[in-house]
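One structure below.
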2 protein chains.
Amino acid sequence: MKTTTAQDETAAPPRRAAAPAHGLSTRERIVRSASLLMQRQGYDGTGIKQISREAEATLGSVYHFFPGGKQELAVAAVQHGDQEFADALREVLAGEDDPGVAIIACCRMLADGLRASDWIEGCPVTATALGTAGRAPDIQQAAAEAFARWQDLVFDKLRQPGTGIAEDDARDLACTVISTLEGAELAAQVSRDDQPLRAAGKHLSRLIGSYRA
Amino acid sequence: MKTTTAQDETAAPPRRAAAPAHGLSTRERIVRSASLLMQRQGYDGTGIKQISREAEATLGSVYHFFPGGKQELAVAAVQHGDQEFADALREVLAGEDDPGVAIIACCRMLADGLRASDWIEGCPVTATALGTAGRAPDIQQAAAEAFARWQDLVFDKLRQPGTGIAEDDARDLACTVISTLEGAELAAQVSRDDQPLRAAGKHLSRLIGSYRA
DNA sequence: GCATCTCTAGAACGAACGCTCTATCCGGTA
DNA sequence: TACCGGATAGAGCGTTCGTTCTAGAGATGC
């Protein structure tokens, strides 16, 4: 059988999530499966037994690592999605010098991910956060922290030397960039078409350009 | 660890009753309750029995009017939310002459609605559509039609006489306006703060202005 | 050897799920 | 009066839910 010693997951390497994922600790497999399933089906649509089955772990293991039950697991899943997307965002943003061009590249990345999953894997935290809006404050807080982190990454890109964008403007712009990326990904997912993401990239780039000194 | 179900993870705050006043047909009460509950809790988080209870109807009535079960009811709920939001959008857009100013007014309307519901009632179709992404094509199509209708309303506003915005530009702009409104509402809901909506209004107005002749 | 601890394994519980079913009420028609 | 179809009413079906529980496997220390 699969004997995995408890090896605390170190700094998360930028790796795309997959359903089976052998070679990982039991805890890590559980979190990844939970993150992926809740991304697709939301909080209420995903059962603990489905997660344990998908992670090739048993119910006992799930409750061993997450005594707080489904809520605690959901928080870990959201935080996992947070880090995963932050890593991808950081990489894409670093790949282009001009902030506007970099945002367009982000839109392309989102569109590629959506299309590759047949339009079922949207934002890794939205579906989980939306279904637990008023009833699970810790899940919502984890989602809010994710949004804030992504916003900071965009802010840093907008404030890199040479852009000439004022700090206050950059702060607001970063907020709108994340909002628009989220909304465009949602619209693309619902309409099964990447047009909203292409339009969002074009317009965000133009908007950013209008703030440059 | 106490034995609770997903129904009450936190002490529920005093929420507006989903049960509409009398004077509406049974079918209408069912649709309205379904729309409101799914807006708050998503598709999987909302039970048919909960809907019938809130609507002050019985299970028999629900299945009498919706023989297709939960899915058929969800489609009707999404279409109801579609029309409801379209009416509000139409009214607000008509209240301002300048398209940019009108969009800012839309953001304010969304922020007011969110705050009034203690940040739990977001977009009336997003939560339902997101939880059924790959498994209920008819629900997804109803959501896509809603987005398209709203986009058309914005398009008409952008193309009203005197704006000087080209048709192709207006088409793309309308798409991004809806995406950004959706995303900003989502971000506002998650962070329990209307700042994303205020930033979105400011930036959308500026973006629209940049396309005027 | 024994003790101890972490982790795995899955049966079992009560509650809620979507849905089916039969029975009853009720206004309009014959 | 009898009848009939639309609407209401809810008990009950089988399934799944989140969670709890006990038992055992495997490594480590004495």
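Values below: all heavy atoms of this structure, side chains included; hydrogens, waters and symmetry mates excluded. All chains are named by letter (A, B, ...) in the order of the sequence lines, taking the proteins before the strands, and each is independently numbered beginning at 1.
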Side-chain ion pair, B:R171 and B:E167, N-O less than 4.0 Å: yes
Presence of salt bridge, B:D87 and B:R90, under 4.0 angstrom: yes
Candidate pair B:R159 and B:D152, rule salt bridge (Lys or Arg N to Asp or Glu O under 4.0 Å), full reasoning: CA-CA 10 Å; B:R159 285 286 285 171; B:D152 281 348; over 6 Å; no
Set of side-chain contact (heavy atoms from CB on, under 4.5 Å) partners for B:H80, sequence neighbours left out: B:E28, B:V31, B:R32, B:S35, B:E84
Selection residues 108-129 of chain A - residue pairs positive for ring pair (Phe, Tyr, Trp, His ring centres under 6.0 Å), sequence neighbours left out: none
What is the distance, rounded to the nearest whole Å, between atom [atom1] of [X] and atom [atom2] of [N]?
{"X": "B:I51", "N": "C:dC19", "atom1": "CD1", "atom2": "C1'", "answer": "14 Å"}
{"X": "B:Q41", "N": "D:dC17", "atom1": "CD", "atom2": "P", "answer": "18 Å"}
{"X": "B:K70", "N": "C:dT20", "atom1": "NZ", "atom2": "P", "answer": "14 Å"}
{"X": "B:L73", "N": "C:dG18", "atom1": "CG", "atom2": "C1'", "answer": "12 Å"}
{"X": "A:E72", "N": "D:dT19", "atom1": "CD", "atom2": "C1'", "answer": "14 Å"}

Distances under 3.5 Å only, N/O to N/O: pair up the protein atoms with those of nucleotides 3-10 of chain D.
from	atom 1	to	atom 2	distance (Å)
D:dA7	OP2	B:H64	NE2	2.8
D:dT8	OP1	B:T26	OG1	2.4
D:dT8	OP2	B:S61	OG	3.1
D:dT8	O5'	B:S61	OG	3.4

Sugar-phosphate only, base, or nothing, as touched by A:T46 at under 4.0 Å among non-hydrogen atoms: sugar-phosphate
